[in-house]
2 protein chains.
Amino acid sequence: MSVAYEHPRPALTVDCVVFGLDEEDLKVLLIRRELEPFRGRWALPGGFVRVDEALDDAARRELAEETGLSGVFLEQLYTFGALGRDPRERVVSVAYCALVKLGDHRVKAATDAREAAWFSVDDTPALAFDHEEIFAMALERLKGKVRYRPIGFELLPPKFTLSQLQRLYEKILDRPLDKRNFRKKALGTGLLVELDEVEQDVAHRAARLYRFDRRKYERLERDGFSFEI
Amino acid sequence: MSVAYEHPRPALTVDCVVFGLDEEDLKVLLIRRELEPFRGRWALPGGFVRVDEALDDAARRELAEETGLSGVFLEQLYTFGALGRDPRERVVSVAYCALVKLGDHRVKAATDAREAAWFSVDDTPALAFDHEEIFAMALERLKGKVRYRPIGFELLPPKFTLSQLQRLYEKILDRPLDKRNFRKKALGTGLLVELDEVEQDVAHRAARLYRFDRRKYERLERDGFSFEI
DNA sequence: GAGGCTTAGTGTGTACCTTACACCATGTCA
DNA sequence: TGACATGGTGTAAGGTACACACTAAGCCTC
């Protein structure tokens, strides 16, 4: 198929910055480029927006095609449109941010036909295009957002301990938090449900498990509640 | 000039939501469309992005062409890419937000060859395309942003009184603020310079004039200061 | 089974920030 | 000169943010 326009127009792409949390690290999902330019370099998953496809759908589709991830909550981050950011031609890219529970997605990404892999956010390879700039902005946004939205809960398994939650926030914010104050605040949101279970198979006192009260969160969010951590 | 591509691609536009402040109201700058679709309807100023033009430049250029405003601080807001938002063809629009001192710009906009006018934000006409959605998001963003960034200063003349500043914040936030607390905070930022002048020609005690210390603001902003109001 | 190791779990005091609140000062105008 | 309109000022109380250290529980090993 070929098509003609009166004036040249920029190409439009989407790129996704997908964060996941490991026992150890906050990670970001990258793919290795199979084509020029930047063939063999790591890059954010993404690609061209089809003319009959909404931006969000394009982001979800590209993410699924390139990494196998689906059902991910994607949020628009920023649109990058500097001249020369793609050596081939003028390309404007709408960047999206996503958060996933790493445990749910580790295998899929690793076994997909295309090479996709999780990298610790403070040990990423050189990226294609201006993707380092996009990634840096996404990480900044994540750090800001995590302070007033309980998005951290999205990154944990359904049942988790308060220490896991705290470690998660420490990884994202990249600084230590006080245990007592953290627990006070986390429980103070009223969004955690204490379960009648504790951790299994740990070589020390087992911690109580909690789950996130998603319904309550949605109710409060609708009513404009705030959630500083 | 005509150009062919292998695949059809969305058209790319920019739209600008420009806020200004009046003695009375927070206003938004609209233009009346001269062409189909939505001919005669009011709309946000904006237009097509040229293939050799950065997004920010396109927004500044369109704003200047359509309303005569230049030298405006523009900030990217969000990118709107739903299907069917333009009846002609697929158009993706990068929306920008701008803040201007209304006094400086009132005449230019009104006397420009194209019809452009300021509307009170709570009395806008029906808008073309999905511009009402864009406008609503911009207003939300403005309300949020004004709380932790001293952007309010951009909306006043170079010399202003604390009452004017307070009224501005009250208009934007759409709620009354306590005078003493407001003055404490505003002066507490250290960003206001007290001048040796007072208002002229008022039928009551004249208020002291202040100016915004832009240099200090830029210095603090670079160092990651915060400015809750 | 005792002692040590590891992580879980808990409360208080202080400093600061937020908010509520009322009166006198100054200039204009009639 | 008195009334009117807005300018300009401080304090007290309550709440929030933060710093800080010890005991509890379970497992392991010796």
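Residue numbers start from 1 in every chain, and the chains themselves are labelled A, B, ... in the order their sequence lines are given, proteins ahead of strands.
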### Rounded distance in Å - CZ (Phe160(A)) to C1' (dA8(C))
16 Å

#### Entry: Per-nucleotide protein contact string for nucleotides 20-30 of chain D, where B marks a base within reach and S marks sugar-phosphate only (heavy atoms under 4.0 Å, - for neither)
BB--BBBS---

### 4.5 Å side-chain heavy-atom contact, Phe19(B) and Leu142(B)
yes

### Message
Could you check whether Tyr210(B) and Phe160(B) have their ring centres less than 6.0 Å apart?
### Response
no

### Query
For Gln164(B) and dT6(D), what is the distance between atoms CD and P respectively, to the nearest whole Å?
13 Å

### Query
Aromatic rings Phe129(B) and His131(B): how do their planes relate, parallel, tilted or perpendicular, breaks at 30° and 60°?
tilted

### Whether Glu132(A) side chain and Leu127(A) backbone form a donor-acceptor pair below 3.5 Å
yes

### Query
Between dA8(C) atom C1' and Arg167(A) atom CZ, what is the distance in whole Å?
11 Å

### Message
Can you measure Glu197(B) atom CD to dG7(D) atom P for me and round it to whole angstrom units?
### Response
17 Å

#### Entry: Value in whole Å for how far the P atom of dG10(D) lies from CZ of Arg183(B)
12 Å

### Summary
Residues at least two apart in sequence or cross-chain that pass side-chain contact (heavy atoms from CB on, under 4.5 Å) with Thr79(B), listed by chain then number, are Leu55(A), Gln76(A), Thr79(A), Val94(A), Gln76(B), Val92(B), Val94(B)

### Task
Assign Ser163(A) to base, sugar-phosphate, or nothing according to its heavy-atom contacts below 4.0 angstrom with the strands shown.
sugar-phosphate

### Task
Would you classify Arg208(B) as touching base, sugar-phosphate or nothing, given that sugar-phosphate means primed atoms plus P, OP1 and OP2, and contacts are heavy atoms under 4.0 Å?
sugar-phosphate

### Task
For a salt bridge (charged side-chain N to carboxylate O under 4.0 Å, His left out) with Lys159(B), tell me which candidate from Glu199(B), Glu197(B), Glu194(B) qualifies.
Glu197(B)

### Message
For the CG atom of Asp178(B) and the NZ atom of Lys184(B), what is their distance to the nearest 0.5 Å?
### Response
7.5 Å

### Message
Counting C-beta onward and ignoring hydrogens, is there a side-chain heavy-atom pair between Val18(B) and Leu69(B) closer than 4.5 Å?
### Response
yes

### Message
Please report the distance, rounded to the nearest Å, between CD in Glu199(A) and C1' in dG9(C).
### Response
13 Å

### Message
Could you tell me how far apart Gln166(B) (CD) and dT9(D) (P) are, to the nearest whole angstrom?
### Response
14 Å

#### Entry: Rounded (10°) bend between the five-pair end axes of the helix from dG1(C)-dC30(D) to dA30(C)-dT1(D)
0°

### Message
Would you call the rings of Trp42(A) and Phe119(A) parallel, tilted or perpendicular, taking 30° and 60° as the class edges?
### Response
perpendicular

### Task
Please state how far atom CZ in Phe182(A) lies from atom P in dG9(C), giving the value in whole angstrom units.
13 Å

